[in-house]
*Asks:* 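After the C-alpha cells below, expect a handful of questions from me.
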Amino acid sequence: MGYTRGAIVRSAPGKYEVVDLELDDPRPSEIEVKMVASGLCHSDDHIATGDIPVGTYPFAGGHEGSGIVTRAGANKKGLKEGDHVVFSFLPSCGHCRWCASGMQNLCDLGAGLLAGTRWEENSTRLRLADDGTPVGQMCGISTFCETTVVSEDSCVKVPDDVPLEVACLVGCGVGTGWGSAVNAGGVQPGHTTIVMGVGGIGINAVQGAAHAGAGNIIAVDPVALKREKAQELGATHAVETMEEATEIAQQFTNGQGADQTVVTVGVVKPEHIGQAMASIRKAGTVVVTALGDINSTEALPVSLADVTLFQKRIQGAMFGMSNPNWDILRQLDLYRSGALKLDELVTTTYSLDQVATAYEDMHAGKNIRGVIRY
C-alpha cells in the first residue's frame, strides 16, 4: 500500500477538494501509473454538480489522462515499468460482443464506469488517508490523482516520443469530438457541417469535420475566444447562434440545411436537439454527444414528420464511436504528422490544487481545454 494525493467530491452537488489518499498496490491485470497530465473534461464537472450520479462517495474525479507506468502486475498487454500510457476512459476487454464486432466504445465493462468500484468486484483501490473511508474512482482510473492504479483494460501504450502533456487529450476529448463528426456524423468531402458548442469536445468535432473533407464547417458558440479558435482549427464560419448557423447552412445547400449537426454544448437541453433537427436537411443526422442531467425525462421537441417523412436521424455518440485501442494511436500518429492539433487545444495549465479554480474558468468560458500538469 502507498499514498497519493487526489481531487475528490464528498457528495453531489459539491466541489473538488484535494486530499491525501491511501492507494492499493497493483494486483494481477492492474497497473500503477504516475500521472503526467490530466485534461479537465466537463464530464467530471457533471459529477460534481450531480448531473451524473455515481455509486460511491467520496469520489475521485478525472478520466482523461496520461502517465508513466511505475509498477505492473502480470498483464496480457505486456505493460511494464517505464512504459508511457494514455488511459481510455472506456475500458475494453477485447472479447465481449461489442469489442469483437469493432465497437470497443460499447464494451460491456462500461456498465461499471460510475460505480466507483472495480467492475469485477465490489472494492475500491483508494481510501481517505485520515479514516480509511473507501473512495470511488471515476471510470476506474481517477486521473485527478498524482498516482493511480488502473485495470490494464483502461491502458493504451503509446510511443515514448509523444509528449504526454498533450497526449492525455486523446483519452477522451479528442476522440469524442473527432469521432462524433467522422464516425457518428459520417462527414464526407463537400458536406456542410454545423458544430454546436466549441469547447474541449466541439473543437475536435471541427477538426474531425475538416479532416473528413467538409466544404463548410459552421461553428456555433456565444464565446468569442471559442469562435476564434474554431476558425484557426478548420471552421469556415463561426457564429453565436443556431439561427445564424442554420441560415448559413441553407445558403450553401439550396435551402436544404446541413448534412449533419454535432451537438457538443456544455450542458445539453431538449431545446438544443430541437434546434439541431431544424438545421439539417432531409436524411441528415443530428449527433448527440453532449451530456446533461442523465436522469431527465423531459420530452425532446422533435417533429415526428421530420423523423418519418424527412428521414432525419438522431444519433448518439459515446466516445465518438471510437475503438480506443486503435483510434488513440491513430490520432497520435495524426498529431505527429502535423494533421491533428493538440498543443493548440490547451488554453491553460493548472496544478492539482487548482482543480476547483479550473472548473470556475471553464464555466466562465476562458478555456478550450484546461490541463493539470503534475
*Asks:* How long is the straight-line distance from CD1 of I218 back to OG1 of T236, given to the nearest 0.5 Å?
*Replies:*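 One gets 6.0 Å once the value is rounded to the nearest 0.5 Å.
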
*Asks:* Assess the side chains of T241 and E244: does a donor N or O sit below 3.5 Å from an acceptor N or O?
*Replies:*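 Side chains of T241 and E244: pair found under 3.5 Å.
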
*Asks:* Answer yes or no: is there an ion pair linking R27 with E120, defined by an N-O contact shorter than 4.0 Å?
*Replies:* no

*Asks:* If I compare all heavy atoms of V371 with all of A37, which pair ends up nearest, and what's the gap?
*Replies:* CG1-CB, 4.0 Å

*Asks:* Does any N or O in the side chain of T264 come within less than 3.5 Å of the main-chain N or O of M196, such that one atom is a donor and the other an acceptor?
*Replies:*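 Judged by distance alone, yes, a pair lies under 3.5 Å.
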
*Asks:* Determine the minimum heavy-atom distance between R127 and D24, stating which atoms define it.
*Replies:* NH2-OD1, 2.6 Å

*Asks:* How close do S180 and T289 get, counting heavy atoms only, and between which atoms?
*Replies:*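 Closest approach of S180 to T289: OG-OG1, 2.7 Å.
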
*Asks:* For F310, look at atom CZ and say whether over 12 heavy atoms of other residues, nucleotides or ligands are found less than 6.0 Å away.
*Replies:* no

*Asks:* Evaluate R97 against D108 for salt bridge (Lys or Arg N to Asp or Glu O under 4.0 Å), listing each step before the verdict.
*Replies:* CA-CA 8 Å; R97 168 187 173 175; D108 285 339; over 6 Å; no

*Asks:* State, yes or no, whether a side-chain contact exists between L90 and Q104 at a heavy-atom distance under 4.5 Å.
*Replies:*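 Answer no - side chains too far apart.
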
*Asks:* Got H84 and V162 here, is their nearest side-chain heavy-atom distance under 4.5 Å?
*Replies:*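 H84 does not reach V162 side chain to side chain.
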
*Asks:* Ion pair present between R330 and D327, side-chain N to carboxylate O less than 4.0 angstrom?
*Replies:*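 Yes.
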
*Asks:* How close do L128 and P58 get, counting heavy atoms only, and between which atoms?
*Replies:* CD1-CG, 4.1 Å

*Asks:* State, to 0.1 Å, how close T56 and F59 come at their nearest heavy-atom pair, and which atoms those are.
*Replies:*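 T56 and F59 have their closest heavy atoms at O-CD1, 3.2 Å.
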
*Asks:* Mind checking the CG-CD spacing from L340 to Q331? Nearest 0.5 Å is all I need.
*Replies:*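 If I round to the nearest 0.5 Å, the distance is 6.5 Å.
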
*Asks:* For a 4.5 angstrom cut-off between non-hydrogen side-chain atoms, does I280 reach V286?
*Replies:*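 Heavy-atom side-chain distance check passes, below 4.5 Å.
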
*Asks:* Indicate whether the side chain of S123 and that of R125 have a donor and an acceptor atom separated by less than 3.5 Å.
*Replies:*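 Checked: S123/R125 side chains pair up, N/O donor to acceptor below 3.5 Å.
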
*Asks:* Quick one: do V307 and V288 end up in the same hydrophobic cluster if we chain Ile, Leu, Val, Met, Phe, Trp and Tyr together by side-chain heavy atoms under 4.5 Å apart?
*Replies:* yes

*Asks:* Kindly compute the distance separating NZ (K76) from SG (C93), expressed to the nearest 0.5 Å.
*Replies:* 7.5 Å

*Asks:* Supply the atom-to-atom distance F252 CZ to E247 CD, rounded to the nearest 0.5 angstrom.
*Replies:* 11.5 Å

*Asks:* Check whether any side-chain heavy atom of T124 sits under 4.5 Å from a side-chain heavy atom of V135, and report yes or no.
*Replies:*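 They are not in contact (no side-chain heavy atoms under 4.5 Å apart), so the answer is no.
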
*Asks:* Can you tell me if N254 has over 12 outside heavy atoms packed within less than 6.0 Å of its CG?
*Replies:* no

*Asks:* For the residue pair M318 and N105, what are the closest heavy atoms and their distance?
*Replies:* O-ND2, 2.8 Å

*Asks:* Going only through I, L, V, M, F, W and Y residues with side-chain contacts under 4.5 Å, is there a path from I248 to V206?
*Replies:*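 Shared cluster, no.
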
*Asks:* For E344, does the CD atom have more than 12 heavy-atom neighbours from other residues, nucleotides or ligands under 6.0 Å away?
*Replies:*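 Enclosed: over 12 neighbouring heavy atoms sit under 6.0 Å from CD of E344.
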
*Asks:* Answer with yes or no whether the hydrophobic clustering places V187 together with I217; edges join I, L, V, M, F, W, Y residues whose side-chain heavy atoms lie under 4.5 Å apart.
*Replies:*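 Per the 4.5 Å side-chain linkage, V187 and I217 are not co-clustered.
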
*Asks:* Do R369 and C41 touch side chain to side chain, with heavy atoms closer than 4.5 Å?
*Replies:* yes

*Asks:* Do N367 side-chain atoms and M362 backbone N/O form a donor-acceptor pair below 3.5 Å?
*Replies:*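 Side chain of N367 to backbone of M362: no pair is present.
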
*Asks:* Are more than 12 heavy atoms, taken from residues, nucleotides or ligands other than K77, located less than 6.0 Å from that residue's NZ atom?
*Replies:*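 Enclosed.
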
*Asks:* Kindly compute the distance separating OH (Y350) from OG (S38), expressed to the nearest 0.5 Å.
*Replies:*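 So the OH of Y350 and the OG of S38 are separated by 13.0 Å.
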
*Asks:* Please check if the number of heavy atoms outside K269 that lie under 6.0 Å from its NZ is greater than 12.
*Replies:*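 Open: at most 12 neighbouring heavy atoms sit under 6.0 Å from NZ of K269.
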
*Asks:* Is it the case that D353 and S351 place a side-chain donor and acceptor less than 3.5 Å from each other?
*Replies:* no

*Asks:* State whether the number of non-hydrogen atoms from other residues, nucleotides or ligands found under 6.0 Å of L309 atom CG is greater than 12.
*Replies:* yes

*Asks:* Would you call the rings of F319 and F89 parallel, tilted or perpendicular, where under 30° means parallel and over 60° means perpendicular?
*Replies:*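 Answer is tilted, since the angle falls between 30° and 60°.
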
*Asks:* Are V262 and I201 close enough that some pair of their side-chain heavy atoms sits under 4.5 Å apart?
*Replies:*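 No, too far: nothing below the 4.5 Å cut-off.
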
*Asks:* Hydrophobic clusters here meaning ILVMFWY residues chained together by side-chain heavy-atom distances under 4.5 Å, can you tell me if L345 and I328 are in one?
*Replies:*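 Yes, because L345 and I328 connect within a single hydrophobic cluster, where side-chain heavy atoms sit under 4.5 Å apart.
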
*Asks:* Can you hop from L332 to V85 via hydrophobic side chains spaced under 4.5 Å?
*Replies:* no

*Asks:* Heavy atoms, side chains only, cut-off 4.5 Å: are I68 and V33 in contact?
*Replies:*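 Counting from C-beta outward, I68 and V33 never come under 4.5 Å.
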
*Asks:* Identify the residue among T285, T192, T193 that makes a side chain to side chain donor-acceptor pair (under 3.5 Å) with Q260.
*Replies:*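 Among T285, T192, T193, the one meeting side chain to side chain donor-acceptor pair (under 3.5 Å) with Q260 is T193.
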
*Asks:* Is the closest side-chain donor-acceptor distance between D45 and Y16 under 3.5 Å?
*Replies:*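 On atom types as modelled, these side chains do not qualify, holding no pair under 3.5 Å.
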
*Asks:* So, N204 side chain and W178 main chain: donor-acceptor pair closer than 3.5 Å or not?
*Replies:*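 Not at all, since once roles are kept as given, no pair shorter than 3.5 Å links the two residues.
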
*Asks:* Within the 3.5 Å criterion, strictly below it, is a donor on N216 or H237 matched to an acceptor on the partner's side chain?
*Replies:*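 No, H237 and N216 have no side-chain donor paired with an acceptor closer than 3.5 Å.
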
*Asks:* Do side-chain atoms of R227 reach the backbone of P222 as a donor and acceptor pair under 3.5 angstrom?
*Replies:*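 It does hold such a pair.
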
*Asks:* Between the side chains of E165 and R373, is the shortest nitrogen-to-carboxylate-oxygen separation below 4.0 Å, so that they form an ion pair?
*Replies:*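 Answer for the salt bridge query: no.
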
*Asks:* For the pair K341 and E232, find out whether any cationic side-chain nitrogen is under 4.0 Å from an anionic carboxylate oxygen.
*Replies:*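 No.
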
*Asks:* Nearest 0.5 Å please: distance from the OG1 atom of T148 over to the CD atom of E146.
*Replies:*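 So the gap between those two atoms works out to 11.5 Å.
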
*Asks:* Mind checking whether L114 and I47 have side chains closer than 4.5 Å, heavy atoms only?
*Replies:*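 The answer is yes; the side chains approach within 4.5 Å.
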
*Asks:* Any ion pair linking E17 and R10 (charged N to carboxylate O, less than 4.0 Å)?
*Replies:* yes

